Number of protein chains: 2
Amino acid sequence: VNLLLIEPCEVDAAGVVVLIDERARHLRSVLHVTPGQQLRAGLVDGPVGTAIVRASDDRAVTLECRFTELPPTATVDLLLAVPRPKVLRRLWPQLAALGVGRVLLTNAERVERNYFDTHFLRPDVYRRLLLDGLEQARDTRVPTVTVHRQFRRLVEDELDTETSADLRLVADPAHDASMLTAVPPHARRLLLAVGPEGGWNRFELDLLAAHGFAGISLGTRVLRSDTACVALLAVAHEALRVRAAG
Amino acid sequence: VNLLLIEPCEVDAAGVVVLIDERARHLRSVLHVTPGQQLRAGLVDGPVGTAIVRASDDRAVTLECRFTELPPTATVDLLLAVPRPKVLRRLWPQLAALGVGRVLLTNAERVERNYFDTHFLRPDVYRRLLLDGLEQARDTRVPTVTVHRQFRRLVEDELDTETSADLRLVADPAHDASMLTAVPPHARRLLLAVGPEGGWNRFELDLLAAHGFAGISLGTRVLRSDTACVALLAVAHEALRVRAAG
């Protein structure tokens with residue numbers, strides 16, 4: 001891990017944390033920590049800083065933490081048609097690692113009913129996968145995840161309160177526009193809609209267009225949904241980063 | 001599959017192909033093809049076109065093919081430090097799907113010796129994974145793969161003949177520059193160097209710099225190597241696509 005994540009409830013008033021779980025085993029057996037050693041640590045949904053090892057034995061690792069710096073705020077939210085469970089499992093850590101702010105999972109015509117039954121939609125299961133991604137990317141901000149079984153209600157009624165994005169884009173191979181040209185200089189936060197393997201249907205595309213989503217694509221290649229998600233999110237973040245730098 | 005890939009040696013002079021392998025089973029059992037049905041097909045490393053089903057029974061599927069259109073030429077080559085076997089396995093189809101032209105796998109200080117022993121470096125194994133990615137992305141061009149155990153010799157002696165790229169970039173978190181600004185308007189083909197999990201060492205970075213590689217990054221987040229590869233390749237392709245469009 002590139003960052004040791006600690007839950008706020010685990011830290012006492014003096015900044016001391018006693019770990020006895022998997023993290024303690026990892027610190028002992030993989031990193032072979034010794035007293036005095038300093039590690040990069042972060043408070044879940046809070047600031048990052050350092051943890052100094054105070055003691056380490058077979059039962060526990062005791063750390064003294066100082067959290068000083070807030071990680072940057074997210075700039076990209078994702079509206080994603082629920083993918084196959086296997087793809088969803090692979091995506092969770094990558095979405096967190098890439099820094100997505102909100103993940104709005106939705107139904108769509110080409111989403112199979114049983115995709116909603118997977119345990120990878122259970123908060124206790126996906127939270128662990130999201131934390132893995134945050135530890136990898138040295139971030140602490142857990143993406144906010146919501147599941148919306150009614151696509152139309154989500155787009156018509158819920159989207160305005162669910163995200164503060166000032167730019168809405170939908171990935172659709174029928175469009176040739178690149179995200180790099182679609183992101184205007186003033187854009188601060190982007191909501192990106194990514195459809196199911198078979199794409200959004202006509203009704204869904206029209207509804208998104210009517211609610212301010214402009215069409216973009218990565219060209220004509222058909223990508224597997226997890227590859228497409230990572231590719232689109234990377235380009236979105238880069239487009240915003242370049243715009244922000246002027 | 002979005003494209004049925006056929007090897008040149010499988011097609012007779014009249015364009016007829018008789019499939020009896022896994023592809024035949026897929027056409028019968030998954031796509032339930034019937035005589036007269038038209039499919040998208042492509043000739044490995046050749047043009048794409050259509051295949052019309054002429055006959056289908058328990059033993060074989062007979063197709064009549066017409067290949068008419070060449071897929072676009074690759075614009076991005078990848079110089080990649082050999083990743084962990086598990087990551088390499090995941091990467092193969094994605095590299096092909098993203099349209100990478102050449103994959104130059106190399107040693108580096110932080111590449112573990114035993115990574116070279118994996119069967120995912122055997123051409124018969126990775127070729128099947130590359131074809132999977134091409135079928136997904138509707139491409140026929142199999143990336144050319146070479147393995148270079150000596151990084152220095154590769155960079156100093158072999159690179160000029162191995163790739164025709166007119167722009168060389170190295171992903172390195174120490175640099176803040178984005179690929180979007182690093183790709184000049186005239187760029188036609190890009191060679192992107194991506195290091196091992198722990199990054200390139202000082203010697204490797206200096207050698208790359210001395211041979212024309214400019215440093216870029218996707219910002220400060222530390223990504224898993226497969227996520228980083230997909231993200232970097234997506235941004236590279238988009239940067240070139242936008243430049244080409246003016």
Side-chain angles (χ1 to χ4, degrees), chain A residues 1-3 40 48 71-72 74-75 90-91 93-100 132-139 141 173 176-183 197-198 216-246, chain B residues 1-3 40 48 71-72 74-75 90-91 93-100 132-139 141 173 176-183 197-198 216-246:
Chain A
V1 295
N2 298 314
L3 182 82
R40 216 185 283 253
V48 294
T75 54
R90 271 201 296 251
L91 268 178
Q94 299 188 91
L95 296 182
L98 288 162
V100 172
D132 288 347
L134 292 176
E135 288 178 338
Q136 164 72 41
R138 294 190 188 145
D139 193 357
R141 297 192 194 268
D176 187 48
S178 165
M179 249 186 292
L180 306 187
T181 45
V183 173
E197 289 281 349
I216 55 92
S217 77
L218 294 176
T220 55
R221 308 182 76 86
V222 186
L223 300 174
R224 215 171 60 192
S225 22
D226 54 333
T227 311
C229 261
V230 171
L232 286 160
L233 289 169
V235 175
H237 280 101
E238 276 298 279
L240 286 165
R241 188 164 78 95
V242 169
R243 290 303 187 200
Chain B
V1 295
N2 298 314
L3 181 81
R40 218 184 285 250
V48 294
T75 54
R90 269 203 296 252
L91 268 178
Q94 299 188 90
L95 296 182
L98 288 162
V100 172
D132 288 347
L134 292 176
E135 288 178 337
Q136 164 71 44
R138 293 189 189 145
D139 194 356
R141 297 191 193 268
D176 187 48
S178 165
M179 249 186 291
L180 306 188
T181 45
V183 174
E197 289 281 349
I216 55 92
S217 78
L218 294 176
T220 55
R221 308 183 76 86
V222 186
L223 300 174
R224 216 173 57 193
S225 9
D226 54 332
T227 311
C229 261
V230 171
L232 286 161
L233 289 170
V235 175
H237 279 102
E238 276 299 278
L240 285 166
R241 189 163 78 95
V242 169
R243 292 301 187 201

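Numbers restart at 1 for each chain; the letters A, B, ... are given by sequence-line order, proteins then strands. All values below were derived from every heavy atom in this structure, side-chain atoms included, with hydrogens, water molecules and symmetry-related copies excluded. Please read all numbers here as calculations on a predicted model, not as lab measurements.
In terms of heavy-atom pairs under 4.5 Å with chain B, the best-connected choice from A:Asp226, A:Leu233, A:Leu218 is A:Leu218. Ranked by heavy-atom pairs shorter than 4.5 Å toward chain A, the options B:Leu180, B:Thr181, B:Leu3 are led by B:Leu180. Taking A:Ser178, A:Pro72, A:Gly133, A:Ala245 one by one and counting their heavy-atom pairs under 4.5 Å with chain B, the maximum is reached by A:Ser178. Among B:Thr220, B:Val230, B:Leu98, the residue with the largest count of heavy-atom pairs under 4.5 Å with chain A is B:Leu98. Chosen from B:Ala239, B:Ala231, B:Ala137, the residue pairing most often with chain A at heavy-atom distances under 4.5 Å is B:Ala137.
The backbone N or O of B:Ala97 sits less than 3.5 Å from a side-chain atom of A:Arg221, completing a donor-acceptor pair.
Proximity to chain A (any heavy atom under 4.5 Å) is restricted, for B:Ala177, to the backbone atoms N, CA, C and O. With a threshold of 4.5 angstrom between heavy atoms, B:Arg138 approaches chain A through side-chain atoms but not through N, CA, C or O. Contact of B:Ala236 with chain A is not made at all, since no heavy-atom distance falls under 4.5 Å. For B:Pro93, the part sitting under 4.5 Å from any heavy atom of chain A is the side chain, from C-beta outward, and nothing else. Looking at B:Leu232, there are no atoms closer than 4.5 Å to chain A (heavy atoms on both sides), in backbone or side chain. Interface residue B:Thr227: backbone and side-chain heavy atoms are both found under 4.5 Å from chain A. Contact annotation for B:Val242: only side-chain heavy atoms (C-beta onward) come within less than 4.5 Å of a heavy atom of chain A.
B:Arg224 and A:Gln136 make their closest contact through N-NE2, 3.2 Å (heavy atoms, listed as atom of the first residue, atom of the second, distance). Summarising the geometry of B:Ser217 relative to A:Glu238, their closest heavy-atom pair is O-OE1, 3.8 Å, with the distance given to 0.1 Å.
Under the side-chain contact (heavy atoms from CB on, under 4.5 Å) criterion, B:Ala182 pairs with B:Leu169, B:Ile216, not counting sequence neighbours. With sequence neighbours left out, A:Thr75 forms a side-chain hydrogen bond (donor to acceptor under 3.5 Å, both in side chains) with no residue at all.
For the atom pair CD (B:Gln94) and CG (A:Leu223), the distance works out to 9.0 Å, reported to the nearest 0.5 Å.
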